[in-house]
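Note that the coordinates shown come from a computational prediction; the quantities given were computed from them, not determined experimentally.
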Amino acid sequence: MALNGEQHILDQGLLDGQLELWHNTFSYIKSMALKSALDLGIADAIHHQGGKASLPQIVAKTALHPSKISCLRRLMRVLTVSGVFATERSGDGEAVYALTPASRLLVGSANMVPNMNMLLHPILVSPFSDLGTWFQQELPDPDLFKLKHGKTFFELADHDPSYNTLVNDGMASDSRFLMDIAIRECTGVFQGIGSLVDVAGGHGGAAQAISKAFPDVKCSVMDLDHVVAKAPRGTAVEYIAGDMFESVPPADAVFLKWVMHDWSDVDCIKILKNCKKAIAAKDVGGKLIIIDMVVGAGPPDPKHRETQVMFDLFIMFVNGIERDEQEWKKIIFEAGFSDYKITPVLGVRSIIEVYP
């Protein structure tokens, strides 16, 4: 039966709507395809062949069961469509898979695999199946993670040594990656500083990177007692046990990396006020340096924007929040600072310089 033009347009609208729903519904398949690539070591297999490999070459270097070769072809099709790998044809028409900027981050000594393993671990993924239920409950407790697992994110890490290692390795991997770029792209942010304290800096990966790049800067790390107790010894970085909600050690500059999104506005203002008390005056170079996300900052392309708002929803698993510029401005000024500068040069994240 022939359709009139108006009905055809309506039907196409219905099909486009279904496509949009399916596209969103099956987005998790991209995440699970990436996880399987990590589990199988596909990026390493391609890297071992010089950055390009055929399907048989990948099979030879992975733990794939021979009966699943045809399934691997389908997995690689998803991973190439999503941009994790690229594909081209050899002279005889055989598909050859190549590393992309994304999958190159999964190989080498300073790879991002520990961070991806943490983010894709079932313990972190599973709470989001209860997101609808969580929205029906009053803040603040339980957070989404505790609703699923019966313990908070940090409580579970304290009780499960293997999970604690997964989290620490994942965070350290991201810190190494981010700090290398931050130091190259934002050298001026750290120049002219005599001393810097990295608040909630863990085992000091960021502070050590700053100290190595700027030997004249006296770097220290402040974190809780049990964290400092396991900090590395014999480095140029000093470790100080303390609580950022009580006080911050004095320094020319205070450094906060990937910390503020874990806390409410009230808590952040308390932290910021303690940082303001600790730093030197503005006219002698005193400032607070924050590396965090500013939703809406950076390139305007859809992938940046989508990743920022998705991460904002993701960090909700610990009742966290990613802030836009107005939300940052609110807590910065309420804490008594006079000015700030946002430099969006770290992908979806930014460097925020805050002045007393």
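Of the charged side-chain nitrogens involved, at least one lies within less than 4.0 Å of a carboxylate oxygen, so that Asp39 and Lys35 count as a salt-bridged pair. Salt bridge absent: Asp292 and Arg323 never bring a charged side-chain N and a carboxylate O closer than 4.0 Å. A salt bridge links Asp174 with Arg349: the distance from a Lys NZ or Arg NE/NH1/NH2 to an Asp or Glu carboxylate oxygen falls below 4.0 Å. A salt bridge links Lys330 with Glu334: the distance from a Lys NZ or Arg NE/NH1/NH2 to an Asp or Glu carboxylate oxygen falls below 4.0 Å.
The closest donor-acceptor contact from the side chain of His47 to the backbone of Gly108 lies at 3.5 Å or more, if one exists at all. Between the side chain of Lys30 and the main chain of Leu79, no donor-acceptor pair closer than 3.5 Å is present. Although no hydrogens or angles enter the test, the distance criterion places a donor-acceptor pair under 3.5 Å between the side chain of Thr235 and the main chain of Val237. At distances below 3.5 Å, at least one donor-acceptor pair connects side-chain atoms of Ser103 with backbone N or O atoms of Val84. The main-chain N or O of His23 is found under 3.5 Å from a side-chain atom of Ser27 such that the two form a donor-acceptor pair. Judged by distance alone, with hydrogens and angles left aside, the side-chain atoms of Asp44 form no donor-acceptor pair with the main-chain N or O of Gly41 at under 3.5 Å. Side-chain N or O atoms of Thr187 include one that pairs as donor or acceptor with a backbone N or O of Ile183 at under 3.5 Å. The main-chain N or O of Val348 is found under 3.5 Å from a side-chain atom of Gln308 such that the two form a donor-acceptor pair. Looking only at distances, no side-chain donor or acceptor of Asn115 sits under 3.5 Å from a matching main-chain atom of Ser173. Remark: the backbone N or O of Val248 is not paired with any side-chain donor or acceptor of Asn274 at under 3.5 angstrom.
Counting heavy atoms of neighbouring residues, nucleotides and ligands inside a 6.0 Å radius, atom NZ of Lys282 exceeds 12 of them. The environment of Phe245 atom CZ is dense: over 12 non-hydrogen atoms of other residues, nucleotides or ligands sit within 6.0 angstrom. At most 12 heavy atoms of other shown residues, nucleotides or ligands fall within 6.0 angstrom of atom CD in Glu306. Environment of NE2 in His261: crowded, with over 12 heavy atoms of neighbouring residues, nucleotides or ligands closer than 6.0 Å.
Closest approach of Ala253 to Ile193, counting heavy atoms only: CB-CD1, 3.8 Å. Contact detail for Met244 and Ala200: the closest heavy-atom pair is SD-CB, 4.2 Å. Summarising the geometry of Ile331 relative to Cys268, their closest heavy-atom pair is CD1-CB, 4.0 Å, with the distance given to 0.1 Å. What you find for Pro56 and Glu94 is that their closest heavy atoms are CD-OE2, 3.4 Å. Of all non-hydrogen atoms in Phe255 and Ala206, the two that sit nearest each other are CE2-CB, 3.8 Å. Residues Val78 and Ala33 share a closest heavy-atom pair of CG1-CB, 4.0 Å.
Under the 3.5 Å distance criterion, with hydrogens and angles disregarded, a donor-acceptor pair is assigned to the side chains of Asp301 and His304. For the residue pair Gln49 and Tyr97, no side-chain donor N or O sits within less than 3.5 Å of a side-chain acceptor on the partner. With 3.5 Å as the limit, one finds no donor-acceptor pair spanning the side chains of Gln12 and Asp16. For Ser126 and Ser129, the side-chain atoms include no donor-acceptor pair closer than 3.5 Å.
Hydrophobic clustering of Ile, Leu, Val, Met, Phe, Trp and Tyr side chains at less than 4.5 Å, counting indirect connections, unites Ile352 with Ile279. Put simply, Val228 and Leu224 are part of two different groups of oily side chains (I, L, V, M, F, W, Y) that touch within less than 4.5 Å, one to the next. Following chains of ILVMFWY side-chain contacts shorter than 4.5 Å, one cannot reach Met112 starting from Leu119, and the two form parts of different hydrophobic clusters. Transitive grouping of hydrophobic side chains (ILVMFWY, heavy atoms separated by less than 4.5 Å) keeps Trp328 and Val295 in distinct clusters. Put simply, Tyr163 and Val318 are part of the same group of oily side chains (I, L, V, M, F, W, Y) that touch within less than 4.5 Å, one to the next.
Between atom CZ of residue Arg74 and atom CG of residue Leu72 there is a gap of 11.0 Å, rounded to the nearest 0.5 Å. From Lys218, atom NZ reaches atom CG of Asp252 across 10.5 Å, with rounding to the nearest 0.5 Å. Atom CG of Leu75 is separated from atom CZ of Phe85 by 8.5 Å, given to the nearest 0.5 angstrom. Rounding to the nearest 0.5 Å places CG of Leu166 at 7.5 Å from CE of Met118. One distance of note links CG of Asn111 with CG of Leu105; it measures 9.0 Å at 0.5 Å rounding. Rounded to the nearest 0.5 angstrom, Phe145 CZ and Thr152 OG1 are separated by 7.5 Å.
Between Phe154 and Val167 there is no side-chain heavy-atom pair separated by less than 4.5 Å. Annotation: side chain of Leu256 is not in contact with side chain of Ile289 (no heavy-atom distance under 4.5 Å). For the pair Leu288/Lys276, no side-chain contact is recorded, criterion being any heavy-atom separation below 4.5 Å from C-beta on. Contact of the Leu120 side chain with the Leu34 side chain is registered, since non-hydrogen atoms from C-beta on lie closer than 4.5 Å. Looking only at side-chain heavy atoms (C-beta outward), His203 and Gln208 stay at 4.5 Å or farther from each other. Side chains of Lys257 and Ser175 form a contact here, defined as non-hydrogen atoms less than 4.5 Å apart. Counting heavy atoms from C-beta on, the side chains of Met260 and Leu272 come closer than 4.5 Å. A 4.5 Å side-chain heavy-atom check between Tyr340 and Glu325 finds at least one atom pair inside the cut-off.
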- request: Carefully, step by step, assess Leu38 and Val113 under the rule side chain to side chain contact (heavy atoms under 4.5 Å, CB included).
  value: CA-CA 7 Å; Leu38 298 175; Val113 170; 4.2 Å; yes
- prompt: Is there a side chain to side chain contact (heavy atoms under 4.5 Å, CB included) between Trp134 and Phe128 once you walk through the steps?
  reply: CA-CA 9 Å; Trp134 178 84; Phe128 288 90; over 6 Å; no
- request: Show your reasoning for whether side chain to side chain contact (heavy atoms under 4.5 Å, CB included) applies to Leu313 and Met310.
  value: CA-CA 5 Å; Leu313 191 64; Met310 284 195 297; 5.7 Å; no
- request: Apply side chain to side chain contact (heavy atoms under 4.5 Å, CB included) to Gln18 and Leu14, showing your working.
  value: CA-CA 6 Å; Gln18 183 195 46; Leu14 292 172; over 6 Å; no
task: Apply ring pair (Phe, Tyr, Trp, His ring centres under 6.0 Å) to Phe311 and Trp258, showing your working.
output: CA-CA 12 Å; Phe311 197 93; Trp258 220 218; 5.2 Å; yes
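Ring geometry, Phe317 versus Phe153: the interplanar angle exceeds 60°, so the pair is classed perpendicular (tilted spans 30 to 60°). Trp22 and Phe26 have perpendicular rings, their planes meeting at more than 60° on a 0 to 90° scale where under 30° would count as parallel.
A cation-pi geometry, defined here as NZ or CZ lying under 6.0 Å from the six-membered ring centre and within 45° of its normal, does not hold between Lys287 and Tyr355.
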